[in-house]
Student: 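Let me begin by handing over the structure; questions about it come next.
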Amino acid sequence: MTNDFNPKSDFLAILLERGFLHQCSDLAGVDAKAKAGELTAYIGFDCTASSLHVGSLLPIMMLRWLQKTGNKAVPLMGGGTTRVGDPSGKDESRKLLSIEQIDANKDSIKKIFAKFLTFGSDTHDAIMPDNAEWLTALNYIEFLREVGRHFSVNRMLSMDSVKMRLERDQELSFIEFNYMCLQAYDFVELNKRYGCVLQMGGSDQWGNIVTGIDLGRRMGRPQLYALTSPLLTTSSGAKMGKTAAGAVWLNEDMLPIYDYWQFWRNTEDADVGRFLRLFTELPMDEIRKLESLGGAEINEAKKILANEATSMVHGRNAAELAAETARKTFEEGTISASLPTVTVSSDELTAGIGVLNAFVKAGLVASTGEARRQIKGGGLRINDELANDERAMISSAQVNSDGVIKLSLGKKKHVLLKAQ
RNA sequence: GGGGGAGUGUCCCGAGCGGCAAAGGGGGCGGACUGUAAAUCCGCUGGCUAUGCCUUCGUAGGUUCGAGUCCUACCUCCCCCA
């Protein structure tokens, strides 16, 4: 759909050439607004966890480009909608989060945005409203009379997500219907409050966004627009941002910066170019140069990807430290003091800790059972020595000259155990 | 409303004559090979205070020395008839 479109705005030009665009309700319309620097766009973020993960990075980058190209970015905190819970894509409704939990998550998530956007009160500064501001104040009857009457059930029934469920005779709860309505209402409310005319999101949000556009028209708002980004998977088809250890979190307290850097460093060859476009701000000609590197040379491109992507979230210094840590660990084979570290009490260490428990404590394995299996498979190392006795004890005798014990799972995952 | 079928290892899909920690995939993790890549091959893939103990097959009971397997009720889903 976007092949023959020639954007006049920097915003769309960048989105297009970097691979952010999947679908747009009206490219020309959005283009004109963006060209004039009058585009205010929002993306909603649910507060279901205390950190966003790399899956959210793509929408965040869209907001960043939006602001960089002279428009107004609005990350919307879903403090209200999270109380309802978005059931789409799930066969079972998740347990509802407590309001305290949601608020705590929200506070934690908010910090991320400050690293990507400039907030303030100027026209083009980003703002971060919370839909709890208006949703929690809604009165059911009033909402039905003023907003609900504009929703065409006929139309909603024809939406793909709904149609599929009905055809397969699968439960579609009323709350799910309401989630769509609330999201649509958000769009209209943001238009009223801030003149927001564009909602962006992942391609799975298309239906919900269009419902918002429709509601806007029925309620006499100006023309609204939708723009979605492709669903990201790696070349081998895996969902982006999920590892066995869990999601790749953006918050440092959920995932050490070193591990974040490593995540990008381990990108598959085939993804390097695409990721450089999406997750860094390097100029396009440089990216083209980097992705054309062949064989082992592409590792240089991966390091740059890791540096750039890590700088964006954690800052240039932290990224360089991570890069240096990786260099020492992998290229020199020495122990860097800045590897992820887990502390144990010195009493405990003096008394001795079983190897199995030590690796569990370090978070390298999930259970002593797994530790046992890894030892059998030759996957665990203590100070680079293969661990082959599951009953061995780790004690202060193994502390090296830097005061730490290095525990490794496989060749890539290292944690330092430190007595305190 | 009537008739038929199905829910399995808390990532998913899926076999399972009454002896089952439960076949086989996918995914994931580890090993070999490499370039901290991919592909390929090999191993592992409930928990624990571990030659034993505990918890798992939709839910709750029952039969049995013994139940994923048989019986009863319930819940949920799928198909056919009205």
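Letters go in sequence order (proteins before strands), and every chain restarts at 1. Because the structure is a prediction, the values reported are computed rather than measured.
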Student: To the nearest Å, give me how far apart NZ (A/K412) and C1' (B/G35) are.
Tutor: 10 Å

Student: Test salt bridge (Lys or Arg N to Asp or Glu O under 4.0 Å) on A/K302 and A/D269; report intermediate values, then the result.
Tutor: CA-CA 8 Å; A/K302 291 185 191 179; A/D269 286 7; 2.7 Å; yes

Student: A/Q199 and A/Q205: side-chain donor and acceptor closer than 3.5 Å?
Tutor: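 The criterion, which ignores hydrogens and geometry beyond distance, is not satisfied for A/Q205 and A/Q199.
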
Student: Less than 6.0 angstrom separating the ring centers of A/F113 and A/F119, yes or no?
Tutor: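 Ring centres of A/F119 and A/F113 not closer than 6.0 Å.
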
Student: Provide the Watson-Crick or G-U wobble partner of B/G18, both distances under 3.5 Å; none if there is no partner.
Tutor: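 Result: none.
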
Student: Should A/R373 be listed as having a side-chain N or O under 4.0 Å from OP1 or OP2 of B/G46?
Tutor: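 No, no such contact exists.
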
Student: Taking distance alone, no hydrogens or angles, what donor-acceptor pairs closer than 3.5 Å link side-chain atoms of residues 348-363 of chain A to residues at least two apart or in another chain?
Tutor:
{"residue": "A/E348", "atom": "OE2", "partner": "A/K361", "partner atom": "NZ", "Å": "3.1"}
{"residue": "A/T350", "atom": "OG1", "partner": "A/S346", "partner atom": "O", "Å": "2.6"}

Student: Taking the chi torsion of B/C33, is it syn (within 90° of 0) or anti (everything else)?
Tutor: anti

Student: Specify the residue among A/G379 and A/Q262 whose closest nucleotide of RNA chain B lies further upstream toward the 5′ end.
Tutor: A/G379

Student: Output the single nucleotide from B/A37, B/G47, B/U36 whose closest atom is nearest the side chain of A/D269.
Tutor: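 Of the options given, the side chain of A/D269 lies nearest B/A37.
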
Student: Taking 4.0 Å as the cut-off, does a side-chain nitrogen or oxygen of A/T329 come that near to OP1 or OP2 on B/U36?
Tutor: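 Checking B/U36 against A/T329, no side-chain N or O comes under 4.0 Å of OP1 or OP2.
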
Student: Can you pull every protein N or O that's under 3.5 Å from an N or O on nucleotides 50-52 of chain B?
Tutor:
{"residue": "B/A50", "atom": "N7", "partner": "A/R372", "partner atom": "NH2", "Å": "3.4"}
{"residue": "B/A50", "atom": "N6", "partner": "A/R372", "partner atom": "NE", "Å": "2.9"}
{"residue": "B/A50", "atom": "N6", "partner": "A/R372", "partner atom": "NH2", "Å": "2.8"}
{"residue": "B/A50", "atom": "N1", "partner": "A/R372", "partner atom": "NE", "Å": "2.7"}

Student: According to a strict under-4.0 Å criterion, is A/K413 in side-chain N/O contact with OP1 or OP2 of B/C29?
Tutor: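 Answer is no, no contact under 4.0 Å.
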
Student: Could you let me know what B/U40 is paired to, Watson-Crick or G-U wobble, both distances under 3.5 Å, or none if it's on its own?
Tutor: B/A32

Student: When both hydrogen-bonding distances must be under 3.5 Å and the geometry is Watson-Crick or G-U wobble, what is B/C77 paired with, if anything?
Tutor: B/G5

Student: Less than 6.0 Å separating the ring centroids of A/W249 and A/Y260?
Tutor: no

Student: For the atom pair CG (A/L198) and CG (A/L224), what is the distance rounded to the nearest 0.5 Å?
Tutor: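 It is 9.0 Å, given to the nearest 0.5 Å.
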
Student: So if I take residues 281-315 of chain A and measure heavy-atom distances to RNA chain B, which residues fall below 4.0 Å?
Tutor: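 Within this stretch, A/G295, A/A296, A/I298, A/N299, A/K302 sit under 4.0 Å of the strand.
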
Student: Could you state the CD-P distance from A/Q374 to B/G28, rounded to the nearest angstrom?
Tutor: 15 Å

Student: Is any side-chain N or O of A/K411 closer than 4.0 Å to OP1 or OP2 of B/G35?
Tutor: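 Result: no.
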
Student: When the ring planes of A/Y42 and A/F187 are compared, do they come out parallel, tilted or perpendicular, using 30° and 60° as the limits?
Tutor: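 If you compare the ring of A/Y42 with that of A/F187, the planes turn out perpendicular.
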
Student: Can you confirm whether more than 12 heavy atoms, excluding those of A/E17, are under 6.0 Å from its CD atom?
Tutor: yes

